[in-house]
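Working notes, structure below.
Chain identifiers are assigned alphabetically (A, B, ...) following the order of the sequence lines, protein sequences preceding nucleic acid strands; residue numbering begins at 1 within each chain. In this text the structure is predicted, and so the values were computed from the model without any measurement.
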Number of protein chains: 2
Amino acid sequence: MPTERTSSGDPAHTLQLLWRGSSPDRRRGPRRGLSIDAVVEAANAIADAEGLDAVTMRRVAKELGVVPMTLYTYVPGKAELLDLMLDTAYARMPRTDTTGQPWRQRVTAVAEENKALFERHPWAAAVSTVRPPLGPGQMSKYEHELSALDGLGLSDVEMDDCLTHLLTFVQACARAVADARAAQHDSALNDQQWWELNAPLLARVLDENAYPTAVRVGAAAGAAHNSAYDPAHAYSFGLQRVLDAFAALIDRSRDAKTSTSQHRHDDIAP
Amino acid sequence: MPTERTSSGDPAHTLQLLWRGSSPDRRRGPRRGLSIDAVVEAANAIADAEGLDAVTMRRVAKELGVVPMTLYTYVPGKAELLDLMLDTAYARMPRTDTTGQPWRQRVTAVAEENKALFERHPWAAAVSTVRPPLGPGQMSKYEHELSALDGLGLSDVEMDDCLTHLLTFVQACARAVADARAAQHDSALNDQQWWELNAPLLARVLDENAYPTAVRVGAAAGAAHNSAYDPAHAYSFGLQRVLDAFAALIDRSRDAKTSTSQHRHDDIAP
DNA sequence: TCTGTACGCTGTACATTGTACGGCGTACAG
DNA sequence: CTGTACGCCGTACAATGTACAGCGTACAGA
């Protein structure tokens, strides 16, 4: 499954599509048979049901009872369609109201919301967001998620840094889940079966004296998770680590504000 | 660029290839003109120079002066070739000896080694490792990296959890770098140019009252990084967070050992 | 009402991918 | 010396995004 990228075309046009700007040109010729929303809707439905690989221009067109090339009168290309799909998914995320709750619960809620996004739309995990879709969905998501980190004594840049760190983590977990599902799909083995098949074969070829720690720890971890990698555990373990890290940063920000020393602690090893 | 997956074929055969097991069968017919090592070497060279997309069976074959189908007498398929490529890259990673140094430096060294791996072989970031290549390279890498987390009072499972958390983080950063490079390549704009082009257009369509925090924080972060996302900063910031998190976990493990209360702290919010 | 034209829609076409299949010739086992 | 296992190769197929050119429609201006 590809790490899909988004719009490489004209930014102004892409933004106009994302914000559903109307082209003020006089309309000539036949009335449009479809709408951008219908195209995005169809693409999202296919992606949800069968994954991003199934979203081909041909397939989306077929779903809409139209020939592939017709889509190009609604969308400049597949990259822009991906932008629109992702922003739509962002727009529809339920946003829990956690005002008044302690920050750990608020941040946990943000993580859970994103985890839920990737469970409902596994394809979204595969899309790179180094150049996020600058649409209303992304904006309202960003606004909502920042509010969980507001009022903790962090600077604006630190708030963004922390959110990025958290979201990167959740997305990485989601990608692992998606990869595991894909691997299962085309090897006809789930992770546990794959591990049960490989572990004894590996043991036979492995020199236990050459890798003592690896053998011991690998066996313990394999036994704990019934596999080489357990995405669900990685998520719950990792989320606690991220929360611990934020706690340390927040404490440090508070200290820096109440004390006279204003130096940053980030770049020095204590 | 695809999130490539690895071997879906016969595990025993794959392991035999990874550990360079010799097939004891009597040799009949013409002598082999190539070797597995040569094939993997050629594939790695192409991937290093031009990215994983350039690694096609046709291209590897051409590099070896051979017709594409010939490769299939050395390797069952492309997935297995990827396994071999990755394990080879793992095997060649320089492993810094940090015995005796404080754990933060040891863990930082592990992170840096992996960061260096992904800088030297950017394609490696795109390969999923939920089913890692169970070869000598992976094993010796695992052994080496675990040693940085040994003797800190963590359980075997926690050591594996922490290492997974760290490596997931570094790989996520590397994927972001790779995605940024790919986006730059086929949009002819680097991240800064893309941001400078989009920011004013976005400002025109954006209602500042609807997204007050997003606009403020986004502007601060954008100004700090000259872009929507700065991979280098995300790495250095995130690594400090991961170290802080490990510190908290280690402290807690020490406390749990010295106190009589043996309950786990992980699953409860303090 | 008539006509020119902008525009929605479509059919064909191309280069590229991994790899299944069958044929050809070689070099060793007996 | 001969049969056969095996290395190597040429062709073929289905699937992808999308460029290009043609066709017909419905509105603007007369």
What is the distance, rounded to the nearest whole Å, between atom CG of B/Leu71 and atom P of D/dG10?
13 Å
Hey, is CZ on A/Arg120 packed in by over 12 heavy atoms from elsewhere, all under 6.0 Å?
no
In this structure, how many angstroms lie between the P atom of C/dG18 and the CG atom of B/Asp53, rounded?
10 Å
Within this structure, what is the CD-CG distance for the pair B/Glu41 and B/Leu84, rounded to the nearest 0.5 Å?
11.5 Å
Length of the line joining A/Leu34:CG and C/dC7:P, which is rounded to integer Å:
18 Å
Taking both distances under 3.5 Å as the test for a Watson-Crick or G-U pair, what stems of at least three pairs does DNA chain C have?
C:1-30 with D:1-30
So, is B/Thr73 close to the D/dG7 phosphate, meaning a side-chain N or O under 4.0 Å from OP1 or OP2?
no
Pairwise distance CD1(A/Ile46) to CH2(A/Trp123) - rounded to 0.5 angstrom
12.0 Å
In whole angstrom, give the distance that lies between atom NZ of B/Lys62 and atom C1' of C/dT16.
13 Å
From A/Leu134 CG over to A/Tyr142 OH, what is the distance, rounded to the nearest 0.5 angstrom?
11.5 Å
Do B/Tyr90 and B/Thr129 have side chains that get closer than 4.5 Å, going by heavy atoms?
yes
Value rounded to 0.5 Å, distance of CE in A/Met93 from CD in A/Glu145
5.5 Å
With a 3.5 Å cut-off and sequence neighbours excluded, list the donor-acceptor pairs that the side chains of residues 163-170 of chain B form with protein atoms.
{"from": "B/Thr164", "atom 1": "OG1", "to": "B/Asp160", "atom 2": "O", "distance (Å)": "2.9"}
{"from": "B/Thr168", "atom 1": "OG1", "to": "B/Thr164", "atom 2": "O", "distance (Å)": "2.7"}

Contact pattern, 5' to 3', of nucleotides 17-26 of chain D - B, S or - by protein heavy atom under 4.0 Å
BBBB---BBS
d(CZ, A/Arg32; C1', C/dA6) in whole Å
13 Å
Is the backbone of B/Cys173 close enough, under 3.5 Å, to the side chain of B/Lys115 for a donor and an acceptor to pair up by distance?
no
In whole Å, I'd like the distance from the CG atom of A/Leu64 to the P atom of C/dT10.
11 Å
